[in-house]
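Source: prediction; values computed, not measured.
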Amino acid sequence: MQQSNTYIITFSVILTVVLGLLLSGTSQVLGPMQKEAIALDQKKQILGAVISGDEIAAMTPDEVNAYYGSHIASTVVDVNGKEIAGATAEGVDVAKNYKKPVEERQFPVYIFHEEGNVSSVKSYIFPLYGAGLWDAIWGYLALDTDMNTVGGITLAHAGETPGLGARITEPGVQARFTGKEIFNESGELVAIQMQKGEGKDYSSNPHQVDGMSGATITGNGVNNMLKNYLGYYQAYIESKKSSTAVAAL
Amino acid sequence: MSAETIEKTIEKKPAEALFSKRRKKLVSDPLVDDNPITIQVLGICSALAVTTQMKPTLVMAISVIFVVVMSNLTISLMRNTIPSRVRIIVQLAVVATLVTLVSEVLKAFAYDMYKELSVFVGLIITNCIVMGRLEAFALGNKPYDSILDGFGSALGYSWIILAVAFFRELWGSGAVFGIPVFEYVSSLFGPDFKLATNGLMVSPVGAFIILGLIIWVQRTKTGYVEH
């Protein structure tokens, strides 16, 4: 059956319009639910830095929201550690800020505290963002109140290789960071480096963690991300450090 | 030949049974004898990529079944109106729309799965099984038959990737659907006994090996030879 050009063009236009309407309609209907799912996912990731993944998995979405509401306070700072008035941490898109010059960026800080009591802080959670091998990687790092010891980390990725770089999302890999330290003995920021190769014991070195076999470049991405973002937050971290030191006296 | 066809139409055949022998064959053929993965060797890319664990594999299988069945149905319904010169692009548009729908629904209702499957849901578009069924079947057959054909092919794909995922998750992570089977079995044999997992199974190489073994077993059984 040989059709005329007019027929083909009309057919294509109608098909495009119908499919286009279908897709935009779906996107309109599902949009709010997707936004909710993304917001919930962000809360889970933030909480994941301080409580175990199994605990979060056992919670219903409402429980996650309630737990987040009663345990997490937040603030936004600039690179000098000064609080930015009028900004809400949840509203800051770390990925978008990543493209701006460092001085103009907003840096959210999430403060994990005892239930309902904002002043008894348990740990500070800092968002991270960087590049893996194929695409973006990001995460949340929790620091204990000594502003040195890592309380936990969550890592996520957009497109790392399954089974290799994508393993940064595994609890077993993330657990390697817990208890490590970001400052060395003379107080310099050295962050934490994931090493090449896998299966060695780094428990004696507070700044190194075991790597992921076959995913050295993703590991390097994690290292750079940690170094960059801890650097951006350094002023804030130092300020909290000195204030807790004063409080201890 | 024309005389024969006329005679047949005049004879007015009784309506074909809903699950006649021919229709059952449409579904059952791609399961074993004409399996898209093991015999036709289509859709290998995703079969390797998503099969490290059972759960995402199951979601992937359901997504593929949905896309293949729905696209087969849509194309079959439109088969007499589709201009033959642009048929591939029409098929592509329909498949891409369906895949986007699946991806959007996952994003709204199963965000964790959406994250885990990431690009592979989108890559259903490039799964040769989808376009292959549209070209080979849906363009020339009635809607109901096309649904059955699509369902059969997608099911043939699904059971193979689920089988691969079963062995990969069991061997690689010592679990099935996230349930730590190895841990449990090890505990039965005392505290010092530990079933080892194999990291190779988690990497794509493991999928090649498992898939190769399945193809070998299956072709030995069916006596299929490449020609």
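- Interface residue A:Ser27: backbone and side-chain heavy atoms are both found under 4.5 Å from chain B.
- Under the 3.5 Å distance criterion, with hydrogens and angles disregarded, no donor-acceptor pair is assigned to the side chains of A:Gln42 and A:Glu90.
- Both tests hold for A:Lys43 against A:Tyr68: distance to the six-membered ring centre under 6.0 Å, angle to the ring axis within 45°.
- Under 3.5 Å, the side chains of A:Glu160 and A:Thr218 contain a donor-acceptor pair of N or O atoms.
- Side-chain atoms of B:Thr51 and B:Arg168 form a donor-acceptor pair, as typed in the model, at a separation below 3.5 Å.
- Proximity to chain B (any heavy atom under 4.5 Å) is restricted, for A:Lys44, to the side chain, taken from C-beta onward.
- For B:Thr52, no part lies under 4.5 angstrom from a heavy atom of chain A.
- Residue with the most contacts toward chain A among B:Asp112, B:Val90, B:Val94: B:Val90 (heavy-atom pairs, distance under 4.5 Å).
- When heavy atoms are compared at a cutoff of 4.5 Å, A:Leu30 approaches chain B by way of both its backbone and its side chain.
- Ring geometry for A:Phe126 against A:Tyr124 counts as parallel: the plane angle stays under 30°, on a 0 to 90° scale with 60° as the upper cut.
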